[in-house]
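Take a look at the structure set out below.
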Amino acid sequence: DGGITQSPKYLFRKEGQNVTLSCEQNLNHDAMYWYRQDPGQGLRLIYYSQIVNDFQKGDIAEGYSVSREKKESFPLTVTSAQKNPTAFYLCASSRTGGDNSPLHFGNGTRLTVT
Amino acid sequence: LAKTTQPISMDSYEGQEVNITCSHNNIATNDYITWYQQFPSQGPRFIIQGYKTKVTNEVASLFIPADRKSSTLSLPRVSLSDTAVYYCLVGPRSDAGNMLTFGGGTRLMVKP
């Protein structure tokens, strides 16, 4: 089945460590996105990529970095510069970046930093 | 970018029709309106998308008035499993990049 795979489902890190969250899609979608969700809140856009080797900052990019070396992969690194990294992270993709095609989401990675 | 406003929460009972309205006063000409459903600890799931008038699929209907400044998601005969958060999302303007921004959503509670 086609879809988006985020791994791991739960991730624990010590404060001051960088951590990378994986996102892989086999939908042949051009665009990919990372969102952050805090308890009881909506989704906030961290980064998005419309095409390989290109990405743009979203609303809350500070303390995060991404790469898009392959069409199917869009890993997110949460750096030690992110002040409040504990959150639920969601990756999504869409067919293209500009035609309003619906988003397909993974099931998220819950990151806890202590 | 079109900002959306939805009620924070709604309560309903099993078997009732539920209507959730979303306001998007500065929607752009080429923007679509898309609704998503999210269960706890899961990613949002696409429900329905429309541009104008009415769209219906197997799970919901979407009503969009002529001025497109609002839209209403209609869920017929809800069940307990429809308890979730529902997000209204207005599609990006192609000349402004691809900033797909979610609002806070509407938390629907369906009671027996």
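In the text below, chain A, chain B and the rest are named by the order of the sequence lines, each starting its count at 1.
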Checklist entry - Which atoms of A:Leu90 come close to chain B, meaning under 4.5 Å heavy atom to heavy atom: side chain ones, backbone ones, both, or neither? => result side chain

Checklist outcome for this item: Heavy-atom nearest pair, A:Phe88 first then B:Gln42, reads CE2-O, 3.9 Å

Checklist entry - Does A:Val19 share a hydrophobic cluster with A:Val113, counting links as ILVMFWY side-chain heavy atoms below 4.5 Å and allowing steps through other members? => result yes

Checklist entry - Closest approach of A:Asn107 and B:Gly43, non-hydrogen atoms and distance? => result OD1-N, 3.6 Å

Item to check | Single-linkage hydrophobic cluster B:Leu62~B:Leu108, side-chain heavy atoms < 4.5 angstrom | outcome: yes

Checklist entry - Are A:Met32 and A:Leu27 connected in a single hydrophobic cluster, I mean Ile/Leu/Val/Met/Phe/Trp/Tyr linked by side-chain heavy atoms less than 4.5 Å apart? => result no

Next on the checklist: Is A:Gln37 in contact with chain B via its backbone, its side chain, both, or neither, using a 4.5 Å heavy-atom distance?
Outcome noted: side chain

Checklist entry - Counting heavy atoms not belonging to B:Leu80, are there more than 12 under 6.0 Å from its CG? => result yes

Next on the checklist: Looking only at heavy atoms and a cut-off of under 4.5 Å, which of B:Ser41, B:Gly104, B:Gly105 has the most pairs with chain A?
Outcome noted: B:Ser41

Checklist outcome for this item: Honestly, the part of B:Arg107 sitting under 4.5 Å from a heavy atom of chain A is side chain

Next on the checklist: Between B:Phe63 and B:Val78, is there shared hydrophobic-cluster membership here, with clusters defined by ILVMFWY side-chain heavy atoms closer than 4.5 Å?
Outcome noted: no

Next on the checklist: Please identify, among A:Arg110, A:Gln56, A:Arg44, the residue contributing the most non-hydrogen atom pairs under 4.5 Å to chain B.
Outcome noted: A:Arg110

Checklist entry - Which value, rounded to the nearest 0.5 Å, describes the distance between B:Tyr87 atom OH and A:Leu103 atom CG? => result 13.0 Å

Checklist entry - Shared ILVMFWY cluster between A:Leu43 and A:Tyr64, side chains joined below 4.5 angstrom? => result no

